[in-house]
Trainee: 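One structure follows; several queries about it will come next.
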Number of protein chains: 2
Amino acid sequence: MKTHDEDTRWLNDEEQRTWRAYLHATMLLEDHLDRQLQRDAKMPHVYYGLLVQLSQAPRRRMRMTELARNAKITRSRLSHAVARLEQHGWVRREDCPSDKRGQNAILTDAGYKVLKESAPGHVAAVRQAIFDRLSTEQQKSLGEIMRIIAEGLQPNEAGADLPWLR
Amino acid sequence: MKTHDEDTRWLNDEEQRTWRAYLHATMLLEDHLDRQLQRDAKMPHVYYGLLVQLSQAPRRRMRMTELARNAKITRSRLSHAVARLEQHGWVRREDCPSDKRGQNAILTDAGYKVLKESAPGHVAAVRQAIFDRLSTEQQKSLGEIMRIIAEGLQPNEAGADLPWLR
DNA sequence: AGCCCATTCTTGAAACTTCAACAAACACTG
DNA sequence: CAGTGTTTGTTGAAGTTTCAAGAATGGGCT
């Protein structure tokens with residue numbers, strides 16, 4: 001925490017407007033998608049994202065830790081989420097054969113079905129909120145910008161900090 | 001919900017990459033700021049945003065509904081949030097004189113103090129995550145894009161749908 | 001083997017959010 | 001002014017997330 005603010009570089013007017021726009025857009029969109037999916041798929045957006053990840057993984061399964069890393073959530077959060085998804089019958093767990101600590105989260109047929117049925121509506125919502133409103137240039141720009149931001153926040157992904165190179 | 005997916009316009013490769021980058025960036029950033037503020041200001045990012053709003057309002061007070069609208073959260077969520085902020089002594093409520101249903105949320109001196117002390121660290125975090133990493137062009141672009149997205153999701157702000165003009 | 005530390009995943013409690021339902025005050029209409 | 005519908009704000013319960021702690025296995029080192 002910074003204690004002296006003499007040298008704080010506050011946001012100027014345009015930066016403030018941009019930051020506020022960011023906050024508003026992200027909040028509104030997350031809310032929108034959450035409601036859309038809660039209505040159509042009976043689950044929040046984050047959970048839906050987990051099913052998507054699983055559906056794209058080989059054999060529709062993934063180690064908990066990897067799933068958490070891909071989805072950008074904590075393992076704890078994932079544990080609870082999978083527990084809930086399991087209750088609904090959309091996911092099941094299986095011990096990992098190679099590592100006795102490990103668990104695989106597996107997308108069930110029921111889970112795949114829900115995903116398949118709600119995917120069109122979800123894509124439509126995303127398209128309508130973002131891609132339909134942006135020029136090709138803006139879409140490209142958005143991609144670049146978000147990659148930059150994400151990169152900067154990634155706690156040193158794979159090989160980024162190699163102790164033997166310091 | 002869409003039931004037939006024959007005519008669904010799925011996201012193409014680049015759109016998918018962009019969308020995923022968006023999800024990752026927004027998640028990582030929200031997480032990052034939440035932790036930063038939880039550590040330095042003992043409150044989540046959304047709550048901090050409420051204090052900011054109040055601090056900028058005339059007489060450091062605002063009607064609940066207006067505060068909710070500005071902060072892009074539901075009134076219910078705001079009720080709970082203010083209850084909590086009140087417990088901490090950062091906000092207090094007062095009846096609205098003109099409308100007996102109404103409540104004003106008021107930033108206390110203690111609230112202002114917390115805000116003042118944690119603001120530099122927060123701005124630094126935002127700057128480091130976003131503005132320090134983007135070119136001037138990209139910042140401008142980000143602002144425009146986010147405004148477009150937010151606008152599209154705004155449930156018909158002021159005068160947007162005037163029944164007598166239909 | 002034995003020791004040590006890292007990794008994997010889970011758990012329970014506390015904090016936060018959502019949703020539906022509600023009371024009270026307002027505002028319009030006849 | 002009584003009737004009707006709307007707006008304001010709250011509430012409790014259920015669902016979700018965070019945080020700190022902990023059980024179990026893995027992997028390296030001597």
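The chains referred to below are lettered A, B, ... by the order of the sequence lines, with proteins before strands, and numbering in each begins at 1.
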Trainee: Quickly work out the B:M64 CE to C:dA24 P distance and round it to whole Å.
Mentor: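 Going from B:M64 (CE) to C:dA24 (P), I get 18 Å.
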
Trainee: Kindly state which residues belonging to residues 96-106 of chain B come within less than 4.0 angstrom of DNA chain C, counting heavy atoms of the residue only, listed by number.
Mentor: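 Contacting residues: B:D99, B:K100, B:R101.
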
Trainee: For the side chain of A:S79 and the base of C:dC9, is some donor closer than 3.5 Å to an acceptor across the two?
Mentor: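 Check fails, no donor-acceptor contact within cut-off.
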
Trainee: Once you measure the plane-to-plane angle for B:H45 and B:H122, does it fall in the parallel (<30°), tilted (30-60°) or perpendicular (>60°) bin?
Mentor: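 Aromatic pair B:H45/B:H122 classed tilted.
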
Trainee: Can you work out whether A:H80 or A:R35 has the more 5'-proximal nearest nucleotide on DNA chain C?
Mentor: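 Comparing both residues, the 5'-ward one is A:H80.
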
Trainee: Show, in sequence, the C-alpha distance, side-chain angles and deciding distance for A:E86 and A:R93, and conclude whether the salt bridge (charged side-chain N to carboxylate O under 4.0 Å, His left out) test is met.
Mentor: CA-CA 8 Å; A:E86 216 172 3; A:R93 300 183 211 234; 3.0 Å; yes

Trainee: When you measure from every atom of DNA chain D, which of residues 42-54 of chain B have a heavy atom less than 4.0 Å away?
Mentor: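 Those residues whose heavy atoms fall under 4.0 Å from DNA chain D, taken from residues 42-54 of chain B, amount to none.
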
Trainee: For the pair B:D13 and B:R17, find out whether any cationic side-chain nitrogen is under 4.0 Å from an anionic carboxylate oxygen.
Mentor: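 Salt bridge between B:D13 and B:R17, a charged N being under 4.0 Å from a carboxylate O: no.
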
Trainee: Would you mind listing the cluster partners of A:L115? Hydrophobic ones only (ILVMFWY), side-chain contacts under 4.5 Å, chaining allowed.
Mentor: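 Members besides A:L115, by chain and number: A:L37, A:M43, A:V46, A:Y47, A:Y48, A:L50, A:L51, A:V52, A:L54, A:M62, A:M64, A:L67, A:I73, A:L78, A:V82, A:L85, A:W90, A:V91, A:L107, A:Y112, A:V114, B:M27.
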
Trainee: Taking CD from A:E66 and C1' from C:dT7, how many angstroms apart are they, rounded to a whole number?
Mentor: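 Atom CD in A:E66 sits about 15 Å away from atom C1' in C:dT7.
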
Trainee: Check whether more than 12 heavy atoms from other residues, nucleotides or ligands sit under 6.0 Å from atom CD of B:Q56, and answer yes or no.
Mentor: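 Buried by this count: over 12 neighbours within 6.0 Å.
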
Trainee: Of the nucleotides C:dT18, D:dT10, D:dT16, which one has an atom closest to the side chain of B:R77?
Mentor: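 Selected nucleotide: C:dT18.
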
Trainee: Could you walk me through whether B:L142 and B:Q139 pass side chain to side chain contact (heavy atoms under 4.5 Å, CB included), step by step?
Mentor: CA-CA 5 Å; B:L142 179 62; B:Q139 293 182 26; 5.7 Å; no

Trainee: Name the residue closer to the 5' end of DNA chain D, choosing between B:Q38 and B:V82 according to the nucleotide with the nearest heavy atom.
Mentor: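 Between the two, 5'-proximity favours B:V82.
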
Trainee: Could you check how far CG of B:L33 sits from P of D:dT18, rounded to whole Å?
Mentor: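 Rounded to the whole Å, the gap is 13 Å.
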
Trainee: CE of B:M62 versus P of D:dG9: gap in Å, rounded?
Mentor: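 Value for this atom pair: 12 Å.
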
Trainee: Going by modelled atom types, is there a donor-acceptor pair between the base of D:dC19 and the side chain of A:T74 at under 3.5 Å?
Mentor: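 Flag unset: no donor-acceptor pair detected.
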
Trainee: Measuring from the side chain of A:R93 (C-beta onward, heavy atoms only), which nucleotide among D:dT10, C:dC9, C:dT10 has the closest atom?
Mentor: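 Among D:dT10, C:dC9, C:dT10, the one nearest the side chain of A:R93 is C:dT10.
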
Trainee: Hey, are B:E15 and A:R127 close enough for a salt bridge, meaning a charged N less than 4.0 Å from a carboxylate O?
Mentor: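 Result for this pair is yes, salt bridge flagged.
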
Trainee: Between A:E94 and A:R61, does any NZ, NE, NH1 or NH2 come within less than 4.0 Å of an OD or OE carboxylate oxygen?
Mentor: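 A salt bridge links A:R61 with A:E94.
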
Trainee: Do B:R133 and A:E151 meet the salt-bridge criterion of a basic N to acidic O distance under 4.0 Å?
Mentor: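 No, no charged N to carboxylate O under 4.0 Å.
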
Trainee: When the distance from CG of A:L78 to P of C:dT10 is rounded to whole Å, what number comes out?
Mentor: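 After rounding, the gap between these two atoms is 8 Å.
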
Trainee: Can you measure B:L37 atom CG to D:dT17 atom P for me and round it to whole angstrom units?
Mentor: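 Nearest whole value for this atom pair: 20 Å.
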
Trainee: Apply salt bridge (charged side-chain N to carboxylate O under 4.0 Å, His left out) to residues A:K113 and A:D109 and explain how you reach the verdict.
Mentor: CA-CA 6 Å; A:K113 185 156 171 285; A:D109 289 349; over 6 Å; no

Trainee: Would you mind telling me which of D:dT8, C:dT10, C:dT17 lies closest to the side-chain atoms of B:R75?
Mentor: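 Selected nucleotide: D:dT8.
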
Trainee: Looking only at the side chain of B:R63 (C-beta and beyond, no hydrogens), which of the listed nucleotides C:dC9, D:dG9, D:dT18 gets closest?
Mentor: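 Nucleotide nearest to B:R63's side chain: D:dG9.
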
Trainee: In whole angstroms, how far is the C1' atom of D:dT18 from the NE2 atom of B:H32?
Mentor: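 These atoms are roughly 17 Å apart.
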
Trainee: What integer distance in Å separates A:I73:CD1 from D:dT18:P?
Mentor: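 Distance check: A:I73 CD1 to D:dT18 P gives 9 Å.
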
Trainee: Toward the 5' end of DNA chain C, which comes first, A:T65 or A:D34, by nearest nucleotide?
Mentor: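 Looking at DNA chain C, the more 5' nearest nucleotide goes with A:T65.
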
